[in-house]
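A note on names: the letters A, B, ... follow the listed sequences, proteins ahead of strands, and every chain is numbered from 1.
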Amino acid sequence: KAGVTQTPRYLIKTRGQQVTLSCSPISGHRSVSWYQQTPGQGLQFLFEYFSETQRNKGNFPGRFSGRQFSNSRSEMNVSTLELGDSALYLCASSYRTGYQETQYFGPGTRLLVL
Amino acid sequence: TQLLEQSPQFLSIQEGENLTVYCNSSSVFSSLQWYRQEPGEGPVLLVTVVTGGEVKKLKRLTFQFGDARKDSSLHITAAQPGDTGLYLCAGVYSGGGADGLTFGKGTHLIIQP
């Protein structure tokens, strides 16, 4: 099976702009989660989508939003970019059995906000 | 908010040495996972531990889940340069619900030849 793919891999934006990142999960995985990774804060959970519905949400401002399509592909959007939004954005698709969740991460999109 | 504390944050040792990385929390986790991340890549799952006291081995890596399911350790025997990377622990909170995976900030490991 192909792994999780994310596009674009690298992105440079300026403050105030908005950005859309895309994630294609592993075939058959219906859950997609997004994380922000920075050197200072590590990996922080943004949100999770399952069957086109947001199932979980982390503690991020409303400028961060996402959606999932019927084919399980997901996008996340950040509006009114700030310098602090510079980070590696990781997408993970997963399946869950009971309390066990196995997540498979994509390579990430590295966003630089100038 | 459930927090996972990893220690040490940074570790640089010589090839052939042994090392242990720790992951601690005040919360009980129903399961805990260890990932390894290399530069420019996403984290890759190494192991999942579920049962308190569980020990799992993956070649030279030994993972242990604490009896109370609040802590875990990763021990590497005879470290090799290929073990270099960021090691992350992540837990699923046993209270269930809506937090996704909680990650520690990771241990940056460098194995010098």
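- No more than 12 heavy atoms of other residues, nucleotides or ligands lie within 6.0 Å of CG in A:Asn59, so this atom counts as exposed by the packing criterion.
- Residue contact with chain B, scored on non-hydrogen atoms closer than 4.5 Å, is absent for A:Leu46.
- Summarising the local packing, CZ of A:Arg73 is surrounded by more than 12 heavy atoms from other residues, nucleotides or ligands at distances under 6.0 Å.
- Neither A:Met76 nor A:Val4 shares a network with the other; the hydrophobic side chains, linked directly or stepwise wherever heavy atoms of I, L, V, M, F, W or Y lie under 4.5 Å apart, form separate groups for each.
- In this structure, A:Gln37 CD and B:Leu88 CG are separated by 6.5 Å, a value rounded to the nearest 0.5 Å.
- Within the 4.5 angstrom heavy-atom criterion, no atom of A:Gln6 approaches chain B.
- For A:Phe45 and B:Phe103, the ring centers are positioned 6.0 Å apart or more.
- When all heavy atoms of A:Gln103 and B:Leu45 are compared, the closest pair comes out as O-CB, 4.5 Å.
- Cluster membership check: B:Val49 does not share its hydrophobic cluster with B:Tyr22, using side-chain heavy-atom separations under 4.5 Å among Ile, Leu, Val, Met, Phe, Trp and Tyr.
- One N or O on the side chain of A:Arg9 and one on the backbone of B:Gly40 form a donor-acceptor pair closer than 3.5 Å.
- For the atom pair CD (B:Glu41) and CG (A:Leu90), the distance works out to 10.5 Å, reported to the nearest 0.5 Å.
- Judged by distance alone, the side chain of B:Lys105 and the main-chain N or O of A:Gln41 form no donor-acceptor pair under 3.5 Å.
- Transitive grouping of hydrophobic side chains (ILVMFWY, heavy atoms separated by less than 4.5 Å) brings A:Leu11 and A:Leu81 into a common cluster.
- Around CD of B:Gln9, the count of heavy atoms belonging to other residues, nucleotides or ligands within 6.0 Å does not exceed 12.
- Judged as a side-chain hydrogen bond (donor to acceptor under 3.5 Å, both in side chains), and not counting sequence neighbours, B:Ser26 has no contacts.
- For the options A:Gly40, A:Gly42, A:Pro107, A:Cys91, heavy-atom pairs under 4.5 Å to chain B are most numerous at A:Pro107.
- Here B:Leu86 contributes atom CG and A:Leu43 contributes atom CG; the two are 8.0 Å apart, rounded to the nearest 0.5 Å.
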